[in-house]
Amino acid sequence: YKGQGILPASPQKVWECIKPVAGGLRTKWDQNVKDFEVIEAISDTVSVCRTTTPSACMRIISPREFVDVVVMKQYEDGTMQSAATNVEHPLCPPQPNFVRGFNYPCGCFCIPVPGEPNRTELLTFFQTDLGGYLPQTVVDSFFPSSISGFYSNLTKAVKALKA
């Protein structure tokens with residue numbers, strides 16, 4: 001799935017809301033992220049992380065956990081990127097009460113809008129196998145509304161940062 005939108009904030013403020021770091025803002029505004037933890041910091045820009053999600057779709061979708069290697073990068077034009085893909089890690093075996101999901105390569109790009117310092121283009125790419133025994137119709141109905149909610153809630157979060 002691909003999401004794309006223009007947000008009413010600088011790339012730095014958008015990045016502040018979405019950057020994949022422990023104690024970051026994402027768990028406060030993203031209804032699909034319950035917890036985010038760094039399992040191992042490999043460098044300043046590469047880490048192995050565990051993300052948990054709450055149940056969804058009236059509890060049809062059980063809580064999930066995802067373990068990914070995440071890389072962050074800033075480009076010369078001011079674009080900020082996070083990219084991730086599934087990894088297994090000995091410090092993070094599957095946990096009880098969670099279904100282990102699987103992220104294929106995915107990520108976010110915060111792209112400055114030329115001449116508009118308080119606007120950011122955000123491109124998101126999601127390729128997720130939720131795991132478990134979900135009918136494909138449930139998965140197909142969940143993702144579009146989830147992505148729409150992501151952009152809506154992120155817009156509210158960046159506006160709140162301005163205050």
Side-chain angles (χ1 to χ4, degrees), residues 1-38 44-47 49-61 63-87 101-131 134 136-163:
Y1 294 91
K2 174 186 173 186
Q4 183 174 9
I6 302 290
L7 296 166
S10 69
Q12 293 76 17
K13 288 190 180 200
V14 174
W15 182 249
E16 187 65 30
C17 289
I18 67 169
K19 69 181 172 182
V21 295
L25 296 176
R26 185 93 179 253
T27 59
K28 293 175 177 48
W29 65 264
D30 189 340
Q31 63 193 17
N32 291 315
V33 176
K34 185 174 182 180
D35 193 26
F36 182 88
E37 61 185 304
V38 174
D44 289 348
T45 59
V46 179
S47 56
C49 302
R50 177 178 179 258
T51 305
T52 60
T53 66
S55 60
C57 291
M58 297 179 290
R59 298 185 182 239
I60 293 171
I61 300 176
R64 296 309 203 247
E65 67 175 349
F66 300 88
V67 179
D68 299 296
V69 60
V70 179
V71 63
M72 296 181 284
K73 182 170 182 167
Q74 182 163 352
Y75 295 90
E76 289 181 16
D77 71 350
T79 296
M80 289 165 268
Q81 169 206 343
S82 70
T85 193
N86 180 76
V87 68
F102 183 95
N103 284 322
Y104 294 94
C106 56
C108 299
F109 293 86
C110 291
I111 305 165
V113 175
E116 299 190 54
N118 291 317
R119 291 170 58 87
T120 302
E121 180 180 6
L122 180 65
L123 284 176
T124 55
F125 299 93
F126 301 97
Q127 297 185 86
T128 300
D129 177 349
L130 292 177
L134 291 171
Q136 192 60 41
T137 54
V138 171
V139 175
D140 291 342
S141 68
F142 170 74
F143 271 104
S145 63
S146 173
I147 293 169
S148 175
F150 173 90
Y151 277 83
S152 175
N153 291 334
L154 176 55
T155 298
K156 291 174 191 168
V158 295
K159 285 181 179 178
L161 275 184
K162 291 179 178 181

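Sequence positions, counted from 1, serve as the residue numbers for this chain. All values below come from the heavy atoms of this structure, side chains included, with hydrogens, waters and symmetry mates left out.
- For residues 143-158, there are no salt bridge (charged side-chain N to carboxylate O under 4.0 Å, His left out) pairs, not counting sequence neighbours.
- The shortest heavy-atom contact between Pro54 and Gln31 is CG-O, 3.3 Å.
- Atom CG of residue Leu7 and atom NZ of residue Lys13 lie 13.0 Å apart, to the nearest 0.5 angstrom.
- When every heavy atom of Thr124 is checked against every heavy atom of Cys108, the shortest pair comes out as CG2-SG, 3.7 Å.
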Side chain to side chain contact (heavy atoms under 4.5 Å, CB included) evaluation trace for Met72 with Val21 = CA-CA 10 Å; Met72 296 181 284; Val21 295; 4.3 Å; yes
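- Atoms OG and CZ, from Ser146 and Phe126 in turn, are 7.0 Å apart once rounded to the nearest 0.5 Å.
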Could you walk me through whether Asn118 and Ser10 pass the side-chain hydrogen bond (donor to acceptor under 3.5 Å, both in side chains) test, one step at a time?
-> CA-CA 4 Å; Asn118 291 317; Ser10 69; 5.2 Å; no
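- In this structure, the side chains of Thr45 and Lys73 stay at 4.5 Å or more apart for every pair of heavy atoms.
- Distance CG/Asn86 to SG/Cys106: 9.5 Å, rounded to 0.5 Å.
- Within the 4.5 Å cutoff, no side-chain heavy atoms of Pro11 are placed close to those of Thr79.
- Between Val70 and Pro20, the closest heavy-atom pair is CG1-CG, 3.6 Å.
- More than 12 heavy-atom neighbours from other residues, nucleotides or ligands sit within 6.0 angstrom of CG on Asp77.
- Annotation: side chain of Val67 is not in contact with side chain of Cys49 (no heavy-atom distance under 4.5 Å).
- Between Lys2 atom NZ and Ile147 atom CD1 the span is 11.5 Å, to the nearest 0.5 Å.
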Any chance you could lay out the side chain to side chain contact (heavy atoms under 4.5 Å, CB included) test for Ser82 and Trp15, step after step, and finish with the verdict?
-> CA-CA 9 Å; Ser82 70; Trp15 182 249; 3.8 Å; yes
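- For Leu25 against Glu16, the heavy-atom pair with the smallest separation is CD1-O, 3.7 Å.
- Just one of Leu154, Ile111, Thr155, Ile6 meets the side chain to side chain contact (heavy atoms under 4.5 Å, CB included) condition when paired with Leu122; it is Leu154.
- Of all heavy-atom pairs between Phe66 and Asp129, the closest is CE2-O, 4.1 Å.
- Under a 3.5 Å cut-off, the side chain of Thr52 and the backbone N or O of Lys34 do not form any donor-acceptor pair.
- Val158 has its side chain out of reach of Thr120: every pair of non-hydrogen atoms, C-beta onward, lies at least 4.5 Å apart.
- At a threshold of 4.5 Å between non-hydrogen side-chain atoms, the residues Asn32 and Phe150 do not count as touching.
- Remark: Asp68 CG to Thr51 OG1 distance equals 6.0 Å, nearest 0.5 Å.
- For the residue pair Asn153 and Trp29, the shortest heavy atom distance occurs at CB-O, 3.5 Å.
- With rounding to the nearest 0.5 Å, the separation of OG1 in Thr85 from CD in Gln127 is 8.0 Å.
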